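A, B, ... follow the sequence lines: proteins, then strands. Residue 1 opens every chain. The shown structure was predicted, so the numbers you read here are calculated from the model rather than taken from an experiment.
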There are 2 protein chains.
Amino acid sequence: MNSFTEENYLKSIYKLVSGKEAVTTNAIAEKMNTKAASVTDMLKKLSDKKLIKYEKYYGVKLTAKGEKVALNIIRKHRLWEMFLVEKLEFGWDEVHDVAEQLEHIDSEKLVAQIDKFLNYPKVDPHGDPIPDSNGKLHIQKSQLLSTFRKNDNCLMTGVVDHSPAFLQYLAKASLTLGCEIKIKEINDFDRSQQISVNKATPVFISNEVAKNILVTAK
Amino acid sequence: MNSFTEENYLKSIYKLVSGKEAVTTNAIAEKMNTKAASVTDMLKKLSDKKLIKYEKYYGVKLTAKGEKVALNIIRKHRLWEMFLVEKLEFGWDEVHDVAEQLEHIDSEKLVAQIDKFLNYPKVDPHGDPIPDSNGKLHIQKSQLLSTFRKNDNCLMTGVVDHSPAFLQYLAKASLTLGCEIKIKEINDFDRSQQISVNKATPVFISNEVAKNILVTAK
DNA sequence: AAATAAATTTAGGTTAGTCTAAAAAATAAT
DNA sequence: ATTATTTTTTAGACTAACCTAAATTTATTT
């Protein structure tokens, strides 16, 4: 078994590596709010356990074994988030910290039953895909709202920024998962948009916001 | 905040102290599968935090503060057990180990919502009372089935032994919480009983079993 | 290509929780 | 009331995860 700490390192490495060839010690240290020296210690340990491939002074990536562990933690995290929102009346801005704790609960049956109880959801409350029990991840291809043009119609599929502040802002503007967005106007100067959400009267959003909303064409 | 370990010590002390004036170091060590020396160390720490009253070479009891923490852990443990049985199709013999983990999740809202989701249950799947959010415990008075007599009618309210083996045995005999038990016969020699469960054809149970079933007269 | 800067690792320490073995206190037995 | 036994505590060490400061390696300038 791996400790909570080990699990958290693997999860961070998984998230940081995405796309890239390897992750640096400093990047991990920053993500985990810890010091580079501590990271080096842990990397040695994870390497001994064959969970990562670690080359001194170069960087780190997950082994197949390590990736499996990471994806299982992410699976649990996202299932728990879904449970909190769907069954316990949590807002999508309130679930992260609790899910950070729940993701480490060790019980195959518990995860399987939560999954069943939620009717096998494919995405979490933020639109992030939930890995299946084999660690397979079905990524829905979506784009930033900021890349769309005037008069385009689209459906909201996710968010980039997951901060409570941003999520609360979106919720207040009815910008929730699955909502229909029509771009009414784009301001050439600052790329701010005037959009209609679910056919309601248009509202303004900054380009900063548009760059943090994921959508798919409709 | 208290660590998982501290919480577990407080819970153990709470359970061991029940009735008695104080708990011994050895009793705690045995309950927690650890060594007396480790217990002494922890007792000092808990005492510094004013969670227990500790007198060297004599014993330990909880302060009001410590008891509150212990009861909150027990509350969470029992609510989670109830959740697992009521919502996730767990058997009453399968919930303990998972609840041991879940009881340490730190989120007031989570506990409140689980409580609400379960419709504010008063007892857990084994008939043990669930402390309310103020740490009040409403104990239902019940007696051992072994103390009842021939032709007595009663309702099952709980169990003494919580081991999976015993719980599985009971479930197989339809001896579940709330079932109706009528004592048809008692063997003078070994105090074994012939009982009818929910008016079905009578079955035999040993005195050992009868001493581990809690009931209330009907 | 040498010098400087940045990133990374090593060395040595800290804390929480555990342990074994020895010392001290309390209890039981003669 | 001594002696023996048991219980408990102290002393000293260990591991996991962290830290700071120093050393080393890699990257960047000049």
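The side chain of A/Lys44 places an N or O atom within less than 4.0 Å of a non-bridging phosphate oxygen (OP1 or OP2) of C/dT10. OP1 and OP2 of C/dT8 both lie 4.0 Å or more from every side-chain N or O belonging to A/Tyr54. Between C/dT10 and A/Lys56, a contact under 4.0 Å exists linking OP1 or OP2 to a side-chain N or O. Taking 4.0 angstrom as the limit, B/Asn26 places a side-chain polar atom (N or O) nearer than this to OP1 or OP2 of D/dT8. In this model, the phosphate group of D/dA27 is not approached by any side-chain N or O of A/Tyr58 to a distance below 4.0 Å at OP1 or OP2. Between B/Thr25 and D/dT9, a side-chain N or O to OP1/OP2 separation shorter than 4.0 Å is present.
Protein atom CG of B/Asp48 is 14 Å distant from nucleotide atom P of C/dT15, rounded to whole Å.
Annotation: proximity of residues 96-105 of chain A to DNA chain D (heavy atom, distance under 4.0 Å) is found for no residue. Against DNA chain C, the stretch residues 30-37 of chain A makes heavy-atom approaches under 4.0 Å through A/Ala36, A/Ala37. Across residues 2-15 of chain A, A/Ser3, A/Thr5, A/Tyr9 each have a non-hydrogen atom less than 4.0 Å from an atom of DNA chain D (numbered order).
Tested against B/His77 for a side-chain hydrogen bond (donor to acceptor under 3.5 Å, both in side chains), the candidates B/Glu103, B/Lys11, B/His104 yield a single pass: B/Glu103.
In this structure, B/Lys109 forms a cation-pi arrangement with A/Phe90, its terminal cationic atom sitting closer than 6.0 Å to the ring centre and no more than 45° off the ring axis. Within the cation-pi definition used here (under 6.0 Å to the ring centroid, within 45° of the axis), A/Lys87 qualifies as a partner of A/Phe117.
For the residue pair A/Asp93/A/His162, the side-chain donor-acceptor check at 3.5 Å is not satisfied. A donor-acceptor pair shorter than 3.5 Å can be found between the side chains of A/Lys49 and A/Asn2. With no hydrogens or angles considered, a side-chain donor-acceptor pair links A/Asp161 and A/Ser163 at under 3.5 Å.
Within 4.0 Å (heavy atoms only), B/Thr40 reaches at least one base atom of the nucleic acid. Base engagement by A/Ser38 is indicated by at least one non-hydrogen atom pair under 4.0 Å involving a base atom.
Using a distance-only test at 3.5 Å, with no hydrogens or angles considered, a donor-acceptor pair links the side chain of A/Gln101 to the main chain of B/Asp106.
Partners of B/Asp190 according to the side-chain contact (heavy atoms from CB on, under 4.5 Å) rule, which considers only residues two or more places apart in sequence or in another chain, are B/Asn187, B/Ser192. Shown here are the side-chain contact (heavy atoms from CB on, under 4.5 Å) partners of A/Leu177, two or more places apart in sequence or in another chain: A/Trp92. Annotation: salt bridge (charged side-chain N to carboxylate O under 4.0 Å, His left out) contacts of A/Asp115 (sequence neighbours excluded): A/Arg75.
A/Phe83 has its ring centre less than 6.0 Å from the ring centre of B/Phe83.
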